[in-house]
Protein chains: 4
Amino acid sequence: MSLGFSISPASDVPIFRQITQQIQRAVATGRLEVGEQLPPVRALAESLVINPNTVARAYQELIRDGVLESRSGRGVFVSKRRQVFANSERIRRLRLATEQLCHEARLLDFTVKEVQALLAETWQALESQAEGSEPPSKKTQK
Amino acid sequence: MSLGFSISPASDVPIFRQITQQIQRAVATGRLEVGEQLPPVRALAESLVINPNTVARAYQELIRDGVLESRSGRGVFVSKRRQVFANSERIRRLRLATEQLCHEARLLDFTVKEVQALLAETWQALESQAEGSEPPSKKTQK
Amino acid sequence: MSLGFSISPASDVPIFRQITQQIQRAVATGRLEVGEQLPPVRALAESLVINPNTVARAYQELIRDGVLESRSGRGVFVSKRRQVFANSERIRRLRLATEQLCHEARLLDFTVKEVQALLAETWQALESQAEGSEPPSKKTQK
Amino acid sequence: MSLGFSISPASDVPIFRQITQQIQRAVATGRLEVGEQLPPVRALAESLVINPNTVARAYQELIRDGVLESRSGRGVFVSKRRQVFANSERIRRLRLATEQLCHEARLLDFTVKEVQALLAETWQALESQAEGSEPPSKKTQK
DNA sequence: GTGGTCTAGACCACG
DNA sequence: GTGGTCTAGACCACG
C-alpha cells in the first residue's frame, strides 16, 4: 500500500487537490521524509486509477510551492525547504476557513455547541485515520 | 445607507456566490428584514459593475432556497424564513463544511484546541453582530 | 437507445424546466440509474437544438437539489438518492401543487370524485411504469 | 364587498390570472349572472389596491375567450355565450393538471393516499370558501 | 473533452 | 420598470 493515498472521485474537491493535500500531510507528519522519492507519475496514476496528467499537475503545484523538487531524469523528491507558510499566513487561512464554517452552520440553524461537537468528532476521525497509516513518530504522540 | 454589497472579481469565489453569501449574511443579521425589497437586478448589477445576469442568477438561487421570493413585475423580496432542508441534509452540509475546516487546520498544523477556540470567538462575533442590528424580540432573549 | 428527451420550444413551460422534469422523471422511473452519466451538456444541447447554457442550467438546478452530481472534468452523474427537503417544505410544495389542481378542476366544473378517480388512475400508471424499468428489488415488493 | 374578489400579491400566480380565475368561477357558479355588469376597471383596481392595467388585462382576456363582452362606452358585461370548453378540452386540461400533481408528489416521496387526503381537504376548503360568498343556488346544493 | 462562470444582448410577461 | 428566459460566444478549471 506504499503511501496509502486514496481519492474519492465523486467529491467536489478536485482530484489533483486531494493528492496535493495528502502529500503535504505526509510530508508534515514525516511519513514522507526529506529527500525521499515520490512514486513516478505513471505508477501513482495507475494505482489510483486516474489520469497521469492529474498526478503531474499535483506534483507540479507542490514543486512550485517548494514542497517537492524535480531532479531531471531521476524523478520527484521531497525538498529540503520546509516552512511553507509564515505564521501570519497560517492564521489568516485558518480564520477564513473558520468563518466559512460558522456562516454555513448559522444558515443551517445549528448551535455553536452542535458545531463544536461535530468538529471534535471529525478531528478525532482524521487523527486516527492518520495514525493508522503512519509509522510511529514524535508527531503521533501528541 | 445602501446594503453595502461588494464583490472582488479576482477572487476564486464566483461572483454570483459572493452575492448570495452577502445577501444570506444580511438576512441572517437582520440588515435585510422579512418582506423587504432587494435592489432591482439592473441597479445592483450597475453598482457592482457586473452583468445583470450574474445578479439574476444569485437572486434565482436564493429564491429556490426559499430565502427570497419574486413577485412578478414588482421585484424580489425577502421571504418569510422557513426550514427548507431535511435534518439529514442539514447535517450532511454541516459535515462537509466541518471536514473542510479540519483538513485545512491540520495542513496548517493547528491543534484541535486552537481551532475550537477560534471557532468560539468567531461565532461570538457573528452572534453579537446579528443581535446588534435586530429589533429587540423574543429571539434575542434566548 | 438514447434517453428520448424532447422539448417543445413553443410551450409556456421554460425549456430548462422541461429538461429538469424529464430527467427527474427518468430518475424516478429508473430509466436513469444511480451513478449513471448524463449526456454531455454540449451533446444534449445539440440534439435538442438549443443553447448549451440552457442544458447547463437544467443540470445545475438538479445538482443543487441533490438529484445529480458533477465530477469535475468528467461529467454529470445521477447521485445517490437522498431526502433533501424538510417535512414542512415537502408538505408546502405538495399543498401548492394540490391547490393548483383543485382550482383548475373546479374551473372546469369537475367534481371531487372525478378528480380523485383520475388521480388514482394516473398514479397507478406512473407506478407500473417505474416498476417496469427497475431491476427486481425489495422496493418493488412493497 | 360586492363580488368578494381577493388577490394574494406574494403568490406565484400572476395577479391578472388570479382575477380571471375568480371571475370565471363567479360566472360558472352563477354569482355573476349573464348580462350582469362588471365593476369598472378603475373601481376594481382601487378596491384590490392593484394597477388598473392589470384589471384591464384580465377583462381583455376574458373578452377574448367569450366569457365577458365589452359594450363600448357602457362597460363590461357577462356575455351570453357560455360553453367555454369542449368536453375533450376539459378532460385534456384536467389530465395535464393531474399528471403534474402526481409527478411532484412522487418526487417528494408521498404516497397516493397522502395525496388523496390532502386533495379532499383542499377541495373541501375551496368549497366552503365559495359557498360563503355565494348566494344560495342549485349549484351549491350538489 | 468535460462542466462552470461570465458578458452582451435580445425578447417576453407582468404591472 | 420589474424579473425570467434564452442565445451566442468567450474563457477557465479539471482531467
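A note on names: the letters A, B, ... follow the listed sequences, proteins ahead of strands, and every chain is numbered from 1.
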Touch check for Arg57(C), heavy atoms < 4.0 angstrom, all strands: base, sugar-phosphate only, or nothing?
-> sugar-phosphate

Can you tell me how far P of dT2(E) sits from CG of Leu68(C), to the nearest Å?
-> 16 Å

Check whether any side-chain heavy atom of Val78(B) lies under 4.5 Å from a side-chain heavy atom of Leu68(B), and answer yes or no.
-> yes

Any Val55(C) side-chain heavy atom under 4.5 Å of Ile19(C) side chain | yes

Glu46(B) CD to dT7(E) P: how many Å, rounded?
-> 14 Å

Given atom CD1 of Ile7(C) and atom P of dT5(F), what is their separation to the nearest angstrom?
-> 15 Å

Would you please say whether a donor-acceptor pair under 3.5 Å links the side chains of Thr98(C) and Arg95(C)?
-> no

By nearest-nucleotide position on DNA chain F, the 5'-leaning member of Ile63(B) and Thr54(C) is Ile63(B)

Atom-pair distance (CG on Leu48(C); C1' on dT7(F)), nearest Å = 15 Å

According to a strict under-4.0 Å criterion, is Ser70(B) in side-chain N/O contact with OP1 or OP2 of dT2(F)?
-> no

5'-most contact on DNA chain E: Ser72(C) or Ile15(B), nearest heavy atom basis?
-> Ser72(C)

Quick one: does Arg74(C) reach the base of dG1(E) with a side-chain donor-acceptor pair under 3.5 Å?
-> no

Judged by nearest nucleotide, the residue sitting upstream toward the 5' end of DNA chain E, Pro14(B) or Pro39(C), is Pro39(C)

Rounded to the nearest Å, what distance is computed from the CG atom of residue Leu44(D) to the C1' atom of nucleotide dG15(E)?
-> 15 Å

Residue met sooner reading DNA chain F from 5', once Arg17(A) and Arg71(B) are mapped to nucleotides | Arg71(B)

How is Ile50(D) classified with respect to the nucleic acid when contacts are heavy atoms under 4.0 Å: base, sugar-phosphate, or nothing?
-> nothing

Name the nucleic acid region contacted by Asn51(D), choosing base, sugar-phosphate or nothing; use a 4.0 angstrom heavy-atom cut-off, strictly under.
-> sugar-phosphate

Phe16(B) has an atom CZ; how far is it from atom C1' of dG3(E), in whole Å?
-> 13 Å

Using purine N1 to pyrimidine N3 plus N6-O4 or O6-N4 for Watson-Crick, or N1-O2 and O6-N3 for G-U wobble, both under 3.5 Å, which nucleotide pairs with dG3(F)?
-> dC12(E)

Is the shortest side-chain N/O distance from Gln60(C) to OP1 or OP2 of dG3(E) below 4.0 Å?
-> no

Among Leu44(D), Val76(D), Leu48(D), whose side chain to side chain contact (heavy atoms under 4.5 Å, CB included) with Pro39(D) holds?
-> Leu44(D)

Student check: side-chain heavy atoms of Gln24(B) and Leu62(B) closer than 4.5 Å = yes

For Ile19(D) and dC14(E), give me the distance from atom CD1 to atom C1', rounded to whole Å.
-> 12 Å

Touch class at under 4.0 angstrom, heavy-atom based, for Asn53(B) against every strand present | base

Could you check how far CD of Glu69(C) sits from P of dG3(E), rounded to whole Å?
-> 14 Å

